[in-house]
Structures are given as structure tokens and as C-alpha cells.
There are 2 protein chains.
Amino acid sequence: MDQTLAPLNTAPTPVKVSFKAQMLLAREGAIVIAVNRLLAEKGFDLMTVDEVALDVGIAKASLYKHFSSKEDLAAAAMVRVIGLAQAFLASLPPAARPLDQLKAVARWMLQQQLKGEMPSLPSQNSSLRANLMSNKAYLDGLMRISDQIGGWIEAAQADGTLSAKVPPLVVLYTLYARACDPVPGFLKAGGQHSDEDIINLVLATCFDGLNTR
Amino acid sequence: MDQTLAPLNTAPTPVKVSFKAQMLLAREGAIVIAVNRLLAEKGFDLMTVDEVALDVGIAKASLYKHFSSKEDLAAAAMVRVIGLAQAFLASLPPAARPLDQLKAVARWMLQQQLKGEMPSLPSQNSSLRANLMSNKAYLDGLMRISDQIGGWIEAAQADGTLSAKVPPLVVLYTLYARACDPVPGFLKAGGQHSDEDIINLVLATCFDGLNTR
DNA sequence: GTCTATAAATAGATAGAC
DNA sequence: GTCTATCTATTTATAGAC
């Protein structure tokens with residue numbers, strides 16, 4: 001339905017979505033959320049499709065009517081997270097200092113991880129990577145957020161708040177790596193620090209480094 | 001054989017190791033090296049015992065005469081790496097600045113990782129973790145290197161070269177995390193930097209941070 | 001599209017001869 | 001201790017009725 005075809009003097013024609021179709025979308029959303037949680041909790045290899053079906057409360061065969069493979073399930077969860085990241089980036093005040101935008105991004109990823117909502121895929125699984133890299137929704141979303149963050153990196157290096165000695169791509173990867181950093185999990189397991197403390201400690205080591213200033 | 005029982009006026013009695021026993025030890029060494037390489041390359045979940053047996057050139061059933069489970073195989077590889085780490089720590093000049101010792105440790109872990117010789121275990125697999133934590137050789141070795149590195153951390157904070165604002169345990173975890181940091185792998189895949197460049201870039205972000213000094 | 005039941009393949013682990 | 005052959009369990013994925 002192309003809404004631009006609606007008459008100019010009327011309210012935009014609401015896209016007709018049947019009750020049945022809404023239920024399907026809602027179910028797919030529930031599936032992706034369950035996959036997201038299980039991926040964060042156990043990782044791709046230890047997550048089984050049976051678990052997902054059990055968690056959602058439908059039969060496994062029904063799952064396969066929505067997603068044609070376990071890898072597609074994982075990809076859907078990654079697309080969801082990318083979407084959440086895009087929404088978070090859009091919610092940031094546009095006038096803030098570029099360096100503060102970058103810190104906010106790193107903080108958000110650490111928060112997601114500590115909440116157990118950051119899915120982690122094994123970087124060694126080449127089949128899974130290939131599947132993900134052929135997913136247009138994932139690639140597009142990843143490109144968009146990388147462009148936005150990349151712009152902040154260049155701006156922060158230009159205004160002198162971010163070290164110009166580190167190539168922008170290295171900065172980008174270093175920020176992304178906060179999503180799967182094992183340090184927050186270790187500290188949380190130690191039980192000596194609150195989540196907020198952990199986030200501030202990791203952010204400090206990331207931006208200020210270990211050396212004395 | 002307790003060598004302290006040897007007569008004082010003779011050379012220490014060499015521990016009698018039969019040719020057969022030597023072959024067995026050599027074979028076990030070959031097994032552990034193969035496991036180490038496969039763990040670094042594919043990770044625990046994607047590594048199969050069949051692969052290990054094929055790589056070593058013996059039957060799978062023979063493998064199980066040496067190691068009673070796949071988890072024991074992984075533990076043996078970790079014990080080996082801990083031993084290599086101990087040997088490296090022992091080779092460092094004792095008079096160097098504590099901060100330089102810490103940098104040398106981080107550099108060594110990055111080197112091992114880039115050479116494809118740093119085994120990585122999934123931190124989410126609790127059964128595997130429990131097995132590892134019940135391994136005395138592993139725990140002892142880990143404790144020893146942690147004590148030594150921990151001493152350098154405290155010394156470097158005392159002499160003012162390492163930030164005193166970061167708790168020593170956080171510093172320790174941050175250093176250990178370099179062993180499974182995904183950033184070096186990403187940069188290597190990009191092909192824009194040599195291994196030495198990558199190591200220096202990661203070390204710089206780790207110790208100097210992303211902010212401008 | 002959802003279900004039950006089952007296929008098909010894989011992988012960890014073992015039996016038993018030598 | 002090494003081998004071939006096999007067991008057993010698990011898991012991804014599908015067939016076919018409704």
C-alpha cells in the first residue's frame with residue numbers, strides 16, 4: 001500500500017492489516033524476542049530450536065513456517081538489535097558533543113549486555129557469518145549506524161576530544177567490541193560492583209585507558 | 001621416584017622413562033597441540049573429537065584412552081597455554097618497570113591470538129567452566145600468573161604509572177580480555193595493517209584510551 | 001499455520017578384538 | 001594402547017494430517 005497515493009484532503013489511508021495478519025506479526029515478534037534472550041544467555045551453538053519453540057509456546061514445525069533455519073532465527077535477532085540501536089541513536093540529542101555521543105553509544109551497549117539482552121554470535125562460525133552478510137536488512141542497518149557513529153568519530157577527532165592517533169575504523173571496532181566484552185560479565189559475577197559501577201569502570205578504561213593521566 | 005633419595009655424591013638419578021612411555025607423552029603432546037590449534041581456529045563447540053583424531057592421525061577411541069572427554073581435551077589445551085604464559089612471564093627481565101611488564105603481557109596475548117594459537121572457550125558454557133574450575137593444574141597455574149600480574153598492577157599503581165582509579169581486579173580482567181578481543185581479528189581481516197601495527201594500535205587503545213591526552 | 005511424528009545427520013562416547 | 005564398528009543421544013529439519 002503506497003500511502004502517497006492517498007487524496008491530499010483526507011487523512012492518510014491506514015494500511016489495512018487484518019486481525020489474523022496482526023496475530024502473525026505479533027507471534028513473529030515473540031519468537032524474535034525469545035531468540036534474542038536465548039542468544040544472549042547461551043549463545044548460538046548452545047541454543048536449540050526446540051528451546052525456542054518451547055519458550056514461545058508453539059511447535060517446532062510451526063517455527064519453521066516463520067523462519068526457514070536456525071541461522072535465519074539468529075539473523076532476525078540481530079536485525080532486531082540493529083533496529084533498537086538505530087532507535088537509540090535517533091533518540092540522542094543532536095546538538096551534543098560528538099565525544100559524548102560516542103560515550104552514550106558505548107554505554108548503551110554495555111547496558112544491553114548487562115541486562116542480558118545483547119545476543120552474541122560466535123565470530124568463528126563462517127556459515128553463520130555468510131548467512132548474516134547476505135541479509136540485506138542487517139547489512140543496511142549496520143551500515144546506517146556505522147555511518148552515523150563514523151561521523152561522530154571524525155567530528156570528535158576534528159574538535160580534538162578524541163585521539164587522532166587511532167584510525168577511525170579502529171575506534172569503531174573498539175566501540176562495537178563493548179557489546180561482547182567479557183569484562184562486565186566477570187565483574188558482575190564477582191558481585192562487588194553494581195551494574196552502574198561496572199559500566200562506569202569499563203567506560204573509563206575504554207576512553208581514559210589504563211595509564212595515569 | 002623421589003630424587004631427593006639419591007646419594008649425595010652421585011649425579012641425580014635420572015627418572016627412568018621407558019621409550020614406550022616417552023612415545024605416549026609425545027603423542028599426548030601432539031594431541032594437546034592439535035586441540036589448541038583447533039580451539040583457536042573454530043572454538044570449542046565447532047571443534048569435533050573426530051577432527052582432533054584425524055588431525056593427530058589416530059583413531060577416536062585411542063584419543064579417549066588419553067583424555068576421557070572433549071571437555072578434558074579443552075582443559076588440557078588451556079593448561080598448556082597457562083604453562084606457556086608462565087614460561088613467558090619467567091622470561092621477562094625482573095628489573096623492568098611494572099607498567100612495562102604489564103604491557104609485555106598484553107602484547108604476548110595479542111601475539112598468540114594473531115598467530116592463531118590462543119584457544120578460546122565459550123564463556124557461556126557452564127558445564128565446561130565447571131570442568132575447568134575443577135582442574136587443579138589449571139587453577140594453580142591461573143592463580144600463579146594472576147598473583148604475579150596482580151603484583152605488577154599494584155606496583156605500577158604505587159609508582160604512579162598506572163591509573164589508581166581503576167581497581168586492580170578490573171585491570172587484571174582488562175588485560176586478560178586481550179586474549180579474546182575480537183578487534184585484532186577484525187583488523188587483520190581488513191588487511192590494512194600488519195600484525196605488528198594491529199598489536200600497537202590495540203595496546204595504545206588499551207593503555208592510552210580513546211580520548212585525547 | 002499449527003500440530004504430532006519422524007526423518008536424517010551429526011557427534012560424543014564405548015565395545016570388543018588384537 | 002590401537003583399531004573398526006557401533007551405540008546413544010541430540011539436533012536440525014521435514015512430512016503429512018487437520
Side-chain angles (χ1 to χ4, degrees), chain A residues 17-32 34-35 38-39 41-77 119 121-122 124-132, chain B residues 17-32 34-35 38-39 41-77 119 121-122 124-132 134-135:
Chain A
V17 177
S18 71
F19 178 74
K20 207 168 170 182
Q22 275 192 25
M23 291 303 294
L24 280 186
L25 285 179
R27 173 146 295 178
E28 294 204 349
I31 293 172
V32 176
V35 170
L38 287 169
L39 280 182
E41 184 183 321
K42 335 179 57 169
F44 180 78
D45 293 310
L46 267 55
M47 176 189 84
T48 70
V49 180
D50 290 271
E51 274 176 322
V52 178
L54 191 71
D55 193 296
V56 179
I58 65 176
K60 183 164 54 170
S62 306
L63 246 185
Y64 276 96
K65 298 285 181 179
H66 292 277
F67 301 92
S68 59
S69 73
K70 184 185 176 182
E71 293 189 348
D72 279 355
L73 277 175
L121 301 185
Q124 294 134 327
N125 189 331
S126 55
S127 160
L128 183 60
R129 285 196 75 78
N131 187 295
L132 204 55
Chain B
V17 177
S18 69
F19 178 74
K20 208 168 173 181
Q22 276 192 25
M23 291 304 294
L24 281 186
L25 286 178
R27 172 147 294 175
E28 293 203 349
I31 293 173
V32 176
V35 171
L38 288 168
L39 280 181
E41 184 183 321
K42 335 179 59 169
F44 180 78
D45 293 311
L46 267 57
M47 177 188 84
T48 71
V49 180
D50 290 271
E51 274 176 323
V52 177
L54 193 70
D55 193 294
V56 179
I58 63 175
K60 183 164 56 169
S62 306
L63 246 186
Y64 276 96
K65 297 285 183 179
H66 293 277
F67 300 92
S68 60
S69 72
K70 182 186 178 183
E71 293 189 347
D72 279 356
L73 277 175
L121 302 185
Q124 293 134 328
N125 188 332
S126 55
S127 161
L128 183 60
R129 284 197 75 78
N131 186 294
L132 205 55
S134 73
N135 186 313

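Both backbone and side-chain heavy atoms feed into the values below; hydrogens, waters and symmetry mates do not. Below, chains carry the letters A, B, ... as their sequence lines are ordered, and counting in each starts from 1.
A pairwise comparison of heavy atoms in A:Leu39 and A:Pro119 identifies CB-CB, 3.6 Å as the closest pair. When all heavy atoms of A:Ala74 and A:Leu128 are compared, the closest pair comes out as CB-CD1, 4.3 Å. Of all heavy-atom pairs spanning B:Asp72 and B:Phe67, the tightest one is O-CD2, 4.2 Å. The heavy-atom pair separating A:Ser127 from A:Glu71 by the smallest distance is OG-OE2, 2.7 Å.
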Let me have the donor-acceptor pairs involving side chains of residues 20-30 of chain A, under 3.5 Å, with sequence neighbours excluded, atom names and distances please.
unit_1, atom_1, unit_2, atom_2, d
A:Glu28, OE2, A:His66, ND1, 2.8

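Put simply, A:Thr48 has no side-chain N or O that comes within less than 4.0 Å of OP1 or OP2 on D:dT11. Contact check, B:Arg27 against D:dG1: no side-chain N or O comes under 4.0 Å of OP1 or OP2. Residue B:Ser62 has no polar side-chain atom (N or O) positioned under 4.0 Å from OP1 or OP2 of D:dG1.
Counting to the nearest Å, the C1' atom of C:dG12 and the CG atom of B:Leu73 are 11 Å from each other. We find that CG of B:Leu63 is positioned 13 Å from C1' of D:dC3, with the value rounded to whole Å. If you take CG of A:Leu46 and C1' of C:dA11, they are 14 Å apart, rounded to a whole angstrom. B:His66 has its NE2 atom 18 Å from the C1' atom of C:dG12, to the nearest Å. Atom CD1 in B:Ile58 sits about 11 Å away from atom P in D:dT4, given to the nearest Å. With rounding to whole Å, A:Asn125 atom CG is found 14 Å from D:dT12 atom C1'. Here the P atom of nucleotide D:dT11 and the CZ atom of A:Phe44 are 13 Å apart, to the nearest Å. As a whole-Å value, the separation of B:Asp72 CG from C:dG12 P is 14 Å.
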Q | nucleotides 13-18 of chain C: protein proximity per nucleotide (B base, S sugar-phosphate only, - neither; heavy atom, under 4.0 Å) | A | BBB---
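Nearest-nucleotide positions on DNA chain D place B:Gly57 closer to the 5' end than the other of B:Gly57 and A:Asp45.
Within 4.0 Å of B:Met47, counting heavy atoms only, lie sugar-phosphate atoms of the nucleic acid but no base atom.
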Q | CA sep, side-chain torsions, deciding dist, call: B:Leu121, B:Leu132, side-chain contact (heavy atoms from CB on, under 4.5 Å) | A | CA-CA 10 Å; B:Leu121 302 185; B:Leu132 205 55; 3.9 Å; yes
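Rounding to the nearest 0.5 Å gives a distance of 12.5 Å between CG of B:Asp50 and CG of B:Asp55.
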